[in-house]
Amino acid sequence: MVTGSTTTESLQCVRCGQDQNLWQLSPRCTACGGLLAVSRDLSEYDATMLRGAWAARRGSLAPHDRSGVWRFRELIAPLDLDEMTARGEGNTGLYPTEELARWAGVASLHLKHEGENPTGSFKDRGMTAGVSVARKLGARTVACASTGNTSASLASYAALAGLGCLVLVPAGEHTSAAKLSQALAYGARTLAIRGDFDRALVLLQALAPELDLYVLNSVNPWRLEGQKSIMFETLEALGWEAPDWIVLPGGNLGNTSAFTKALLEMRELGLIARLPRIAVVQAAGASPFAASYAGGWAPLQPVRADTMATAIRIGDPVNHPKASAGVRALDGVVTTVTDPEIMDAKALVDRAGIGCEPASAASIAGLRRLCKEGVIGAEERVVAVITGHLLKDPDASSRYHASAAEHANPPTEVDADERSIRAVVRGL
Ligand SMILES: *Cc1c(COP(=O)(O)O)cnc(C)c1O
Ligand SMILES: [Zn+2]
């Protein structure tokens, strides 16, 4: 089994096909500016051996074995064990949810709860890989544009690795205070940009070479290699039996790209016998990918994004070439949901005792819509990915439960005496 320097990986441009230096600072093709993808010679590996090695590592106390990313290191990044900056990411729960399944309209629904990662979102799986590579490359400062979670995660892993960290977030109400507080607290140099996420990412990519920054947005191919572990872990937990559908929210489309790549690799390796289909859900106010899909994969037209699901408030998704190829390869679909639909679905995910931030609930709202439309059948088995923790956006929950919405559960204020409490609890 391969670790360290006997590398089967290469880095290729998905646009012009050029081979690039595996260990380069530029996250994009140096010839044409296209997206880069890590490819590897899978004939080196045997499914039975991989399953055995991955299962054995779960019993180890070593940080790189216990990590739900590095446990799968053969398919993540060819680093030596001491090059891995890990903090116990991954190993998240996969919860069967009968009531939600009924509400959505399917026979079986499991939620993969990525909010259980160290900084509260799946971004940690990408950052453990990306920051480890940054260290190997000798980068001094890592950087990202972010709607909140990417900056929270990068700031934490940069602190752990002893690297400088610069983050650009939209100024004002469109960045959740909880996420921003993480970036500040973990010590990132934080710029609140008077503009949206898409603008921040354009600015960062333009300035990165001059300012000597290693960019760790999902344009970075190693981030996506780390995020593939969500699928490895899910399929392992299901005994390597693919569900019928994987449902996830789509913003910058990093996860869509990573998941489809992981599933295709698993199929090629024989880790799974058949592929699930994939359903990507966008907020109606930030749905250029859904529009491209609906137009028979028409060229993506960027939009000015608007949704209260801030983590998917993205109008020009950087990974769309990889994501559209991946969705096509898995015979997938792309749909949209409104903000009120997202918030009702969130209330039910929350009430199931699991909880999520608004963007994550787009999965469940979208699943329900696809069931109603007959795209997903009542007998099908579904895994939906919950991308971020409930506490990532407490204001959204508070506002919902103070409103007249269907599943609102507002507090009851009472006088501070026994009689008043008794009266309320007994419903008098
Ligand atoms: C980043 C993020 C998304 C969007 O994921 P993409 O890979 O950019 O499509 C969705 N939900 C949450 C909670 C996120 O942090
Ligand atoms: Zn190229």
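When a ligand or atom number is given, it counts from 1 through the structure's own listing order. When reading the values below, keep in mind they use all heavy atoms of this one structure, side chains included, and skip hydrogens, waters and symmetry mates. Small disclaimer: the values here were computed from a predicted structure and weren't measured.
With respect to F197, the side chain to side chain contact (heavy atoms under 4.5 Å, CB included) criterion is satisfied by exactly one of N217, T310, V202: N217.
For the residue pair T387/E114, the side-chain donor-acceptor check at 3.5 Å is not satisfied. Residues N319 and S218 bring a donor and an acceptor atom of their side chains to less than 3.5 Å of each other. Side chains of E89 and N117: a donor-acceptor N/O pair is absent below 3.5 angstrom, by distance only.
With a 4.0 Å cut-off on non-hydrogen atoms, E357 touches ligand 1 through its side chain and not its backbone. Counting heavy atoms closer than 4.0 Å to ligand 1, residue K392 contributes nothing at all. Of the heavy atoms in N149, only side-chain atoms (C-beta onward) come closer than 4.0 Å to ligand 1.
Here's the thing with N255: one of its N/O atoms is less than 3.5 angstrom from an N/O atom of ligand 1.
Across every non-hydrogen atom of L11 and L22, the tightest pair is CD2-O, 3.8 Å.
Of all protein N/O/S atoms, those under 2.8 Å from the Zn ion (ligand 2) are C13 SG, C16 SG, C29 SG, C32 SG, and waters are not counted.
For the side-chain hydrogen bond (donor to acceptor under 3.5 Å, both in side chains) test, residues two or more places apart in sequence or in another chain that qualify with R28 are Q205.
Shown in contact with I312 at under 4.0 Å from a heavy atom are these atoms of ligand 1, numbered in order with element: 4 (C), 10 (C).
When only non-hydrogen protein atoms are considered, atom 5 (O) of ligand 1 lies nearest to F122 CZ, 3.6 Å. In terms of protein heavy atoms, atom 11 (N) of ligand 1 is closest to T387 OG1, 2.7 Å.
Contact check on E341 versus R368 returns no salt bridge, with no Lys/Arg side-chain nitrogen under 4.0 Å from an Asp/Glu carboxylate oxygen.
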